[in-house]
Every structure is written in structure tokens, then in C-alpha cells.
Amino acid sequence: MKKIAVLTSGGDSPGMNAAIRAVVRKAIYHNIEVYGVYQGYLGLINDDIHKLELGSVGDTIQRGGTFLYSARCPEFKEKDVRAKGIENLRKRGIEGLVVIGGDGSYRGAQRISEECKDIQTIGIPGTIDNDINGTDFTIGFDTALNTIIDSVDKIRDTASSHARTFIIEVMGRDCGDLALWSGLAVGAETIITPETSYDMKDIAEKIQHGIDRGKKHSIIIVAEGCMTGDSCASELTKYINVDARVSVLGHIQRGGSPTGADRVLASRLGGYAVELLMSGDSAKGVGIKDNKLIATDFNTIFNGSSEVKYTQRMLDLTKELSI
Ligand code: F6P
């Protein structure tokens with residue numbers, strides 16, 4: 001392995017820069033040249049590929065976003081479009097590609113590894129959604145979680161002053177992890193996720209019971225994959241007469257300086273991805289399970305049903321603590 005490339009793809013997440021940095025520095029340490037592909041698969045097709053040096057990743061570990069830029073590139077599903085991208089790697093003698101992103105980004109890498117045996121691919125899970133199989137945590141999840149916590153703590157101040165019920169819609173695509181973790185961390189009265197069933201009448205009764213006990217505010221965290229904050233508010237107010245307000249946190253959840261946990265995770269996974277390429281591995285996604293680095297075949301990552309990254313015990317606890 002003499003030359004590798006790295007790209008970030010799909011929705012960005014805090015910690016992607018730290019992962020790129022780890023890939024670049026670890027590779028250079030082992031005398032491997034590194035190329036940065038700008039704008040994800042779009043840059044691969046358009047030949048927006050440039051050599052990265054040690055200094056290219058200086059002063060990046062603490063920055064949110066991705067200095068390589070990202071893009072969603074549905075065209076990459078087409079074989080002839082992919083061929084252009086593959087040719088751009090081949091003409092530089094690039095033998096390994098590290099793809100930092102989510103599920104869709106991994107699929108692009110898997111197709112490359114199926115179609116050309118001379119280019120190894122490794123995926124690094126970068127998304128705030130925590131929805132990738134083969135890892136307990138994805139890069140960016142912890143930072144997004146902390147952004148939500150910070151926002152809800154602020155919302156709670158005004159909720160208390162006005163004795164309001166706040167419904168906070170959080171991201172996560174089809175995955176409820178950001179809602180569940182943040183709900184537990186802010187002490188939400190109710191957490192609504194796609195993975196668990198809910199009964200709005202029960203939720204309304206619980207909120208009313210809290211008000212009757214003298215609670216000054218109520219916080220409901222709703223995962224975007226389950227319903228919108230607005231529809232949650234209109235369903236809720238069919239059952240109880242509360243002064244409800246909705247906050248959609250939106251893309252603020254994707255920005256900001258990565259937390260320590262995300263920087264460390266990104267650095268470990270970036271370094272491990274390079275180790276795997278050096279040892280001849282391909283078509284695998286790296287991850288962390290029980291604090292150990294692991295690599296899982298893309299096929300296994302895609303073929304299993306979505307991994308649930310929390311225990312029944314944790315679900316029970318959220319109920320027990322939110323009475
Ligand atoms: O996958 C990350 C994510 O932020 C999801 O949580 C969200 O549903 C989606 O991307 C938003 O995508 P876009 O930035 O393209 O609007």
C-alpha cells in the first residue's frame with residue numbers, strides 16, 4: 001500500500017475532520033501518500049482529488065464540519081458514473097479508499113470494492129444519527145447529543161417561566177437514539193422514538209398528572225423519524241389543554257466543535273482504518289463495540305436488521321426516571 005485516498009460523504013458530522021486527520025497522519029507516519037477527495041463521491045467523479053500533507057490537517061481536530069466538504073451524490077449508484085471515479089483513483093495509483101459517512105456512503109464503497117479488486121475500501125461511521133450497524137457509536141453522535149442537551153437546558157428556563165409544555169423535535173433520520181439519549185440526559189417527561197410504541201392519550205395523562213402535582217414545565221422529545229414536533233403538539237392538545245410550544249432544533253445539531261468523546265472515537269477509527277488497509281483488508285466498516293475496535297464486512301452491515309444500541313434496561317430507566 002503506497003497511496004490511499006479519503007473522502008467524506010452524506011450529511012456531515014462533528015468529528016469528521018478529526019477522522020480525516022487521523023487517516024492522513026497515520027498513513028504518512030507509515031510512508032503512505034494520502035489524497036483528499038473533495039465533495040465526496042461528486043469530487044471522485046469530477047477528479048477533485050488533491051494530495052494531502054501533514055500540514056493539510058493541522059488545526060482541524062477541533063473544527064466541526066468537514067474541510068474536504070461533503071455532498072449527497074445519487075448519481076454514484078450508476079455503474080458508468082462510478083467507473084469515472086474509479087478511473088480517477090487508478091490513474092494516480094491509489095490502492096485504498098477510506099470513506100467517512102453513513103449507510104449510503106458505505107454502499108458506494110462496497111460497490112467500488114466489488115467492481116475493482118485493485119482498490120481496497122474501508123468505511124468509517126460518520127453521522128450524528130448513530131444508525132450504522134457494526135458500531136456502538138458513530139462519529140458526531142456525542143456532539144449532537146450535547147448540542148441537544150444544551151438547547152433543551154435553555155428551553156427549560158423559558159418553559160418554567162411560562163409553565164409551558166415544550167415539544168422538541170430532534171434529528172436522527174429513522175433512528176431514535178438522539179431522542180432517547182438526550183431525553184434521558186435532560187430528564188424529559190416523555191421521549192417518542194420510532195423504535196418504541198406510544199399512546200398519545202397516556203402521554204397527555206402523564207403531562208396533566210405532572211401539572212396537577214405542581215410541575216412548572218414539561219419537556220417532550222420527539223424523534224423526527226417518528227413524527228414532527230407540530231403533529232405531536234396537535235395530537236397532544238386533542239387530549240389536554242396545555243400551552244404547548246414546538247422547537248425544531250434542525251441543523252444546529254450537525255454543527256459545532258466535536259466533543260472529546262467524538263475526537264477520540266474519530267482518531268481511533270481513522271487510525272484503525274489505515275491499519276486495515278495496510279494489512280490488505282477491504283469492504284469493511286470500522287466501529288467500536290464494548291470499547292474495542294472492530295471491523296465488519298459491508299455485507300454484514302447491510303444485511304442485518306438495524307442494530308439496537310440500547311438495552312431494555314435503559315428504556316425501563318427512562319420510564320422510571322420520568323414519573
Ligand atoms: O443523516 C444526518 C441528518 O442530519 C439526519 O439526521 C437528517 O434527517 C438529515 O441528515 C437531513 O439531511 P439534509 O441536511 O440533507 O437536509
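Starting from 1, each residue takes its place in the sequence as its number.
Arg213 CZ: more than 12 foreign heavy atoms inside a 6.0 Å radius. Counting non-hydrogen atoms of neighbouring residues, nucleotides and ligands closer than 6.0 angstrom, the CG atom of Asn241 reaches no more than 12 such neighbours. More than 12 heavy atoms of other residues, nucleotides or ligands shown are found within 6.0 angstrom of OH on Tyr310. Residue His209 qualifies as open at atom NE2: its count of foreign heavy atoms under 6.0 Å is 12 or below. Under a cut-off of 6.0 angstrom, the local environment of NZ in Lys84 is sparse, with at most 12 non-hydrogen atoms contributed by other residues, nucleotides or ligands.
Pro258 and Gly15 get closest at one heavy-atom pair: CB-N, 3.7 Å. The nearest pair of heavy atoms linking Arg90 to Ile119 is CG-CD1, 4.1 Å.
The closest side-chain heavy-atom distance from Met200 to Cys232 is below 4.5 Å. Between Glu195 and Cys175, some side-chain heavy-atom pair lies under the 4.5 Å cut-off. You'll find the side chain of Ile112 reaches within 4.5 Å of the side chain of Tyr41, heavy atoms only. By the 4.5 Å heavy-atom criterion applied to side chains, Ser247 and Phe166 are counted as neighbours. Put simply, the side chain of Ile128 does not reach to within 4.5 Å of the side chain of Ile139, judged on heavy atoms. Taking 4.5 Å as the limit, some side-chain heavy atom of Ser257 sits within range of a side-chain heavy atom of Arg263. By the 4.5 Å heavy-atom criterion applied to side chains, Gln120 and Met1 are counted as neighbours. The shortest distance between side-chain heavy atoms of Ile20 and Val98 does not fall below 4.5 Å.
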(request) List the steps, then state whether salt bridge (charged side-chain N to carboxylate O under 4.0 Å, His left out) holds for Asp136 with Lys309. (result) CA-CA 6 Å; Asp136 286 342; Lys309 301 186 200 293; over 6 Å; no
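A salt bridge links Asp103 with Arg107: the distance from a Lys NZ or Arg NE/NH1/NH2 to an Asp or Glu carboxylate oxygen falls below 4.0 Å. For the pair Lys91 and Glu87, the salt-bridge criterion is not met [side-chain N within less than 4.0 Å of a carboxylate O]. Here Arg92 does not pair with Glu33 in a salt bridge; the nearest charged N to carboxylate O distance is not below 4.0 Å. In this structure, Lys289 pairs ionically with Glu307, as a charged nitrogen and a carboxylate oxygen lie closer than 4.0 Å. Using a 4.0 Å cut-off between charged side-chain N and carboxylate O, Asp80 and Arg82 make no salt bridge.
At least one donor-acceptor pair closer than 3.5 Å links the side chain of Arg254 to the backbone N or O of Asp12.
Separation of atoms CG (Leu180) and OG1 (Thr193) is listed at 6.5 Å; rounding is to 0.5 Å. To the nearest 0.5 Å, atoms CD1 (Ile124) and CG (Leu269) are separated by 6.5 Å. Atom-to-atom distance recorded for Ile45:CD1 and Phe76:CZ is 6.0 Å, nearest 0.5 angstrom.
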Could you list the donor-acceptor pairs under 3.5 angstrom formed between side-chain atoms of residues 296-306 and any protein atom two or more places apart in sequence or on another chain?
from: Asn299; atom 1: OD1; to: Gln110; atom 2: NE2; distance (Å): 2.5
from: Asn303; atom 1: ND2; to: Asn299; atom 2: O; distance (Å): 3.1

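When only modelled atom types and interatomic distance are considered, Ser282 and Lys117 share no side-chain donor-acceptor pair under 3.5 Å.
Not less than 6.0 angstrom separates the ring centroid of His50 from the ring centroid of Tyr35.
Under the side-chain hydrogen bond (donor to acceptor under 3.5 Å, both in side chains) test applied with Lys154, the options Asp157, Thr158, Asp150 reduce to a single match, Asp150.
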